[in-house]
Each structure stands twice: as structure tokens, then as C-alpha cells.
Novice: 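I have a structure here, written as C-alpha cells, and I will follow up with some questions on it.
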Amino acid sequence: METLTLVLLLAIAVLISAVIDQIVPRVSLPLIQVAMGIVIALFSRGSIVIELEPDLFLVLFIAPLLYIEAKNADKAILWRNRGPILSLAVGLVVVTMLIIGFVLNAVLPTISLAAAFALGAALGPTDAVAVSSLSKQVNIPERQWGVLKGELLLNDASGIVCFQFAIAAAATGAFSLLEAGESFIVEFIGGLLFGLAIGYLANWVLRRIRSIGIESTTFHVLFEICIPFIVYLAAQAIHVSGIIAVVVAGLVNVIAPRTVSPSVSHMNIVSSNVWEVIAFTLNGIVFLLLGTQIPTAMLYSWGDASISNLTLIALVALVTFLLMGTRFIWCTIMELSHTKHDKGRFTKRNLRNALIVTLCGAKGTITLSILFTIPIFLASGVRFPERHLIIFIGCGVILCTLLLATFVVPLVAPKRERKKSEIQERQNYFECLADILRNVIEEITALQTRENLTATRRVIQIYQDRLQETKNMTGADTSQDVELRCDALEWEQERTLALIEEGVVSHDIGYEYIGRLEKMERFARHREKNLSVRHLAIAVRMLILRTRQKLAKVVPNPMQHDDMEEMRALQMETHSYVVDILHKMIQEDDVRTEDVSRLLVEYETTLAQLRRRAPSVTTTFKIVDQTDDLRRLAYQIELEQIQKMYERNRIDRQAAKNMRDNVHLMQMDLDDRI
């Protein structure tokens, strides 16, 4: 009954903390939940005993939370920042462990060197929830945010492995650097390979199950929920890093290609909603549990007469200074390296970016759960020296780093505009919505195949119409669209000239088509014809062609049908050429996706009409089904993009809610219509 009461109490506390977070936005949600956990522990003392088993905590909370983070991670950003991420996740953890270990042992010799190393290793991991839940006022630069998100996925494993080696040395009195290094490599690389294998195996199993007709959404979502627990426990059983394995399995889930079917679309929607609830609940409970453990962990040392409270505070301040100082120097060197690579100059802005990454490295539940695994007795049967003091220092540092991330980072990071006029808010809303629709168009375009070509075009056209309406609301400039269309016409002319030179197309047909393209270009640009040598030669050819066409009206031409077929083949070839160029352009970052995709659909539609035969009734129904499936998937992608916009603080909670409500209405309309 006590366990049930505790679960209900924690659930209610999570809900209350979410309300408080809206009322007091300047205080981060994790700090609110830690404070509430402390209150619960103090008021429930004697009536409810809260015990945290570290191994169970890692598998029950940390594994699924890291899986969710990895699943939602942007793999392109991770790969782009792979150097700084690995530097922070592995190199900084080891350096921090060594510096804290040597300094703490020198200041307080009663803490053995190995035990001091253990504390330094435990303080290595950055808390994922703390980083993701920073104050809404913080505007972290995109590159620094990507580095932080990547670091927190990997440094848990390096911190845990280093901690285990240090504790083994402290408990047994024996330590081999060579064996420790070998074990670290085995656990790290082994966890990576194992997570990769299990991730792809899980995707293969799901495809096989779907292929035999099992399309139960409940089954597939439950299967995915079980993945992080299975991966972690299996990895630990074969003595490789369970944390790394879980993270890699989550990334594989992101990398795995999407398939389009009614069941998959519905499953994606349900899965996203279920994981959102799980993440919100687990994140809240994790920090509440952290708060419940702090009083127990700290009161013993606080009441110990053998060491003064002032000394305890000084030790916490010293370790926090060493931790943040080392991190700041490391991040500054990273910024120097980045500016040198880009051949730029190191400025105050780079220094500020280094300070932001430093202060955002808050510690949390993983650090505390690691510290609780410190054994009570050594191998000789003697009590582990200063165990309670080490845990006290760790808890103090956790609180200090959370306070720094909550209250100091907003002072350092670029300020967000707190007050916006209604016009500015409206402008920002539609600009963000336009970016979301562009991202959906890009992802749907990437899914286009020969089989779903027509359905894809229809869905893209729907989103292009919505995007055009959104652009009209923002007063966006359309001059780039005109330039792109003129570029496409010039590409057609270039391809036609190349075909004429190669002898694939006759001069008459080729120059006639170039003349049409030039008229279309002049109409689009609203200008007169250019008087270049190339255009003059084309004009002469066109004059000859018009003369021959007038004569053809008098003298019947038996080859007229062949000319029409040659013109049709030329149009197909030039349109295919432009389509290939546009497909390459849409993958680039410096183009407006909506303009390229709109023109791409127009060219592909014309190309399909040139090739098309009358579709059968069966084909028509198949296209309709594919279109509905793609629309479901597009709505799911749109919901994911809205969540990303909210997490990056580009839109507030109310704007995100309004956008989600619109998508849900469109989903309901689609389902009702079907």
C-alpha cells in the first residue's frame, strides 16, 4: 500500500510541477521537481520509506529516457558536430576525473585517490533532462545546442565505466591502467556494435511481422517501448555498455527508412503520443526521486561532528569550481579550434559560447545513482572510507550546477524578446509554420518512388498550397520563385542545344522548342529579348522555321506526325533533365524548399502527362489509398516538426498547441472522410 501511495504522490507531484513551471517560467522544471522531491522526503519521513536501487534506476528510468533522446535526435547535427561531441563525452570526462581526483585527495587525504577519482567520474555525465529543460528564456546558439544534445547521449557511458574502474581500485586496492583501458574500449565499442545490431534486428523483426499480416498498432508500440529495456539488460549481460547500446539503438530507429501504409501511419501517430507521455512522466519522476534522496544523503554528513559544516560547503564549492573551470577551459579550446578551422577570429562571442556550453553541463540523476553504487564495505571487510562525505559532495555539486544552469545561463546567453506586439507574434507564428511545412515537403519528397509518384505529388501540392497561404500571411517575397522558373527554362534551352549538337534532335524541332522557351522566359521576366550572339542566331533559325511552316500549310508534309513525336520526346528529355537538377537542389540548405518543390511537382506532372496512358479503375483506387496514407504520414511528420520548434523555443506553448490542434482536426477530417 505504501508503494501505491508513493506512486500516486509522485504522479500528482509531476502534474503540480508542470503547473508551477507555467506560473514561474524563470525557474527550470527540473529544479522545481527537485525542490518538490525534497519536500516529499521531509514530510514523508517515518511514514513512507523511499529507497533508490541504482541498478534498477538505470534500467527503469535512464535507459528509456536516453532512448527517447536518441530517437528524436537530429542525426545530421550529431554527425556534423561529431568531433566536439566525442571530445566532451570521452576526453573531458577522463580529464575531469583526474583533476578532481588529484586535487580532492591532496586537500582531504582521508578520501583515497581512487575514491576521489570515482567522484570525478560520477560528475562526468551531463543530465539529459536538465539540459533539455533549461529556462524558457535561454536562447542557446544552434551549434552549441547540437553539441550539448550529442554530449549527453554519450558521456553517461564513459562516466559510468570510469567510475566502475575507480571503485574497483578503491575496493580491492589493485588497479591496472592497461586493463582499465582495454575494458573501456571493449565496453564502449562493444556497446556501440551491440546496439547497432539489436536496432537493425528489431527493425527487421517488425518488417517480418508486418509482412505476415500482423498490423496491430498496440503490438508494435508495445514492442518499441520494450526495446530500451531489452537492449540495456542484454548488453549488461554480455558485459558491454548498456547505456551506449540503448543510445545507438535509438539512433538506428531514426535512421531506419520510413514505409508508407495505413497501419504504419497510424502506428507512428500513436507511438509519438505514447512516448511523449512516457518522457514527460519519467522526466518528472526522475527529478522528484533525486529530490527525495538528497536529504538522506546529505543529513548524515551535515550532522557529523568530525567535520565542520563550513568545511563541507567549502568542499562542495571547490569541486564545483574544478568541474566548471575544467569544462570552461576545454570548451574555450574547442571554440579556438573551431574558429581556426573556419579561418576566423576568436571574439567575445566565442568566449560567451564556451561559457554557455560550460554552464549548461548540469549534473543530475545519473550522477546520484552512480554515487549510490559505492559499496559500504571494502574487500577487506572494512567500511568504505568517507562514503557519506563523497555522496554529500556529489549532491551539493548537483544542486550547484542546476542553479547555475537555471539562473546564470539566462544572463549569459542571448536574450529572447520578452514582449512582442501582436503583429510580431503573428509574423513569428506564420514564419515558424512556413518552416514546418517546408520540412514536411522535404521529407515527403524524399519518400517519392516510382510506385507512389502520383500520390506524393498530390500530398506535396496540398502542403504547397498551405505554404503559399502562409507566405501570403507573412508577405514573403516571390521574386526568387520567378528567378527559379527562368533558370529552369534556361536549363531546358541548354539541354536542347546539347541534343542538337549531339544529333539526337533535328535542328528544326530543337530551335522551334528553344523559341517557345524564350517566349516563356520573356513573359516570366516581363522584359524584352536579349541581343546576344546566341539569341541572334536562334532568331535567324526561328525565322527560317516560320517560313518553312507557312510553306508546309500549302504543301502537305507526310512527316508531320513524326515531328510531333520528336517534339514530344524532346519535351520529355528536357523535363527529365530539369527534374534531376531540382531533385539535387532540394537537398541543399541555401534554397527555398517550397519554390523548388512546387516547380518540381509542375515539371513532374507535365512529364507524367507526356508519358501517361489512361489509368484503370484499380489504379485510380490504389492512388487514392496511397494519397491517404501519405497524408497521414505527412501529418505525423508535421507534429514532430511542431514539437522540435517548441523544444528549440521558436514557438511558445500556446502556439504549439494551436498548430497541433489544426493538425489533429485535419487528421480527424481525413479519417471521417474515409
Side-chain angles (χ1 to χ4, degrees), residues 445 448-450 453-454 457 479-588 590-592 595-614:
T445 303
Q448 184 172 287
T449 62
R450 183 174 297 179
L453 188 61
T454 303
R457 288 176 187 154
S479 59
Q480 293 186 20
D481 184 36
V482 174
E483 287 298 323
L484 182 62
R485 290 178 181 275
C486 293
D487 288 342
L489 293 172
E490 290 183 358
W491 296 334
E492 285 196 73
Q493 294 178 48
E494 292 172 1
R495 183 58 180 161
T496 304
L497 288 172
L499 293 173
I500 293 173
E501 293 176 0
E502 295 170 6
V504 177
V505 176
S506 65
H507 284 67
D508 293 348
I509 297 298
Y511 282 106
E512 180 181 352
Y513 188 57
I514 289 175
R516 293 184 193 175
L517 296 173
E518 282 201 323
K519 285 183 180 180
M520 294 170 65
E521 184 181 354
R522 288 199 304 274
F523 178 78
R525 293 186 187 275
H526 302 287
R527 61 173 175 80
E528 297 299 325
K529 184 191 299 185
N530 288 333
L531 296 178
S532 64
V533 176
R534 171 175 169 267
H535 287 86
L536 184 61
I538 293 174
V540 173
R541 294 291 306 179
M542 289 301 302
L543 179 62
I544 297 173
L545 283 174
R546 289 193 186 98
T547 304
R548 293 182 58 180
Q549 288 172 352
K550 289 179 180 179
L551 292 174
K553 293 180 180 179
V554 180
V555 182
N557 184 5
M559 302 297 292
Q560 188 173 3
H561 177 73
D562 292 340
D563 290 346
M564 292 175 60
E565 287 298 318
E566 186 177 358
M567 178 65 75
R568 178 169 169 271
L570 174 59
Q571 287 180 292
M572 291 170 60
E573 175 62 29
T574 56
H575 277 58
S576 298
Y577 179 72
V578 174
V579 165
D580 290 340
I581 295 176
L582 293 175
H583 269 296
K584 294 176 181 178
M585 286 185 64
I586 205 168
Q587 304 298 326
E588 299 175 1
D590 57 345
V591 298
R592 288 171 54 160
D595 294 339
V596 178
S597 60
R598 184 188 304 109
L599 189 59
L600 178 62
V601 170
E602 290 179 13
Y603 267 88
E604 288 181 334
T605 301
T606 305
L607 186 60
Q609 290 173 349
L610 292 169
R611 296 171 174 169
R612 187 171 57 188
R613 297 178 181 177

Novice: Could you grab the distance from atom CZ of Arg495 to atom CD1 of Ile514, nearest 0.5 Å is fine?
Specialist: 12.5 Å
Novice: Can you list everything that forms a side chain to side chain donor-acceptor pair (under 3.5 Å) with Gln571? Sequence neighbours excluded, please.
Specialist: none
Novice: Mind checking whether Trp491 and Leu582 have side chains closer than 4.5 Å, heavy atoms only?
Specialist: yes
Novice: Is any side-chain heavy atom of Thr496 closer than 4.5 Å to one of Gln493?
Specialist: no
Novice: Show the nearest heavy-atom pair for residues Leu499 and Glu573, with the distance to one decimal.
Specialist: CD1-CG, 3.5 Å
Novice: Could you tell me whether the side chain of Tyr513 reaches within less than 4.5 Å of the side chain of Glu492, counting heavy atoms only?
Specialist: yes
Novice: So Val578 and Thr574, do their side chains get closer than 4.5 Å, heavy atoms only?
Specialist: no
Novice: Which pairs with one or both residues in residues 574-585 pass salt bridge (Lys or Arg N to Asp or Glu O under 4.0 Å), sequence neighbours excluded?
Specialist: none
Novice: Do the non-hydrogen side-chain atoms of Val504 and Leu570 ever get within less than 4.5 Å of each other?
Specialist: no
Novice: Once rounded to the nearest 0.5 Å, what's the spacing between atom CG of Leu489 and atom CD of Glu494?
Specialist: 11.5 Å
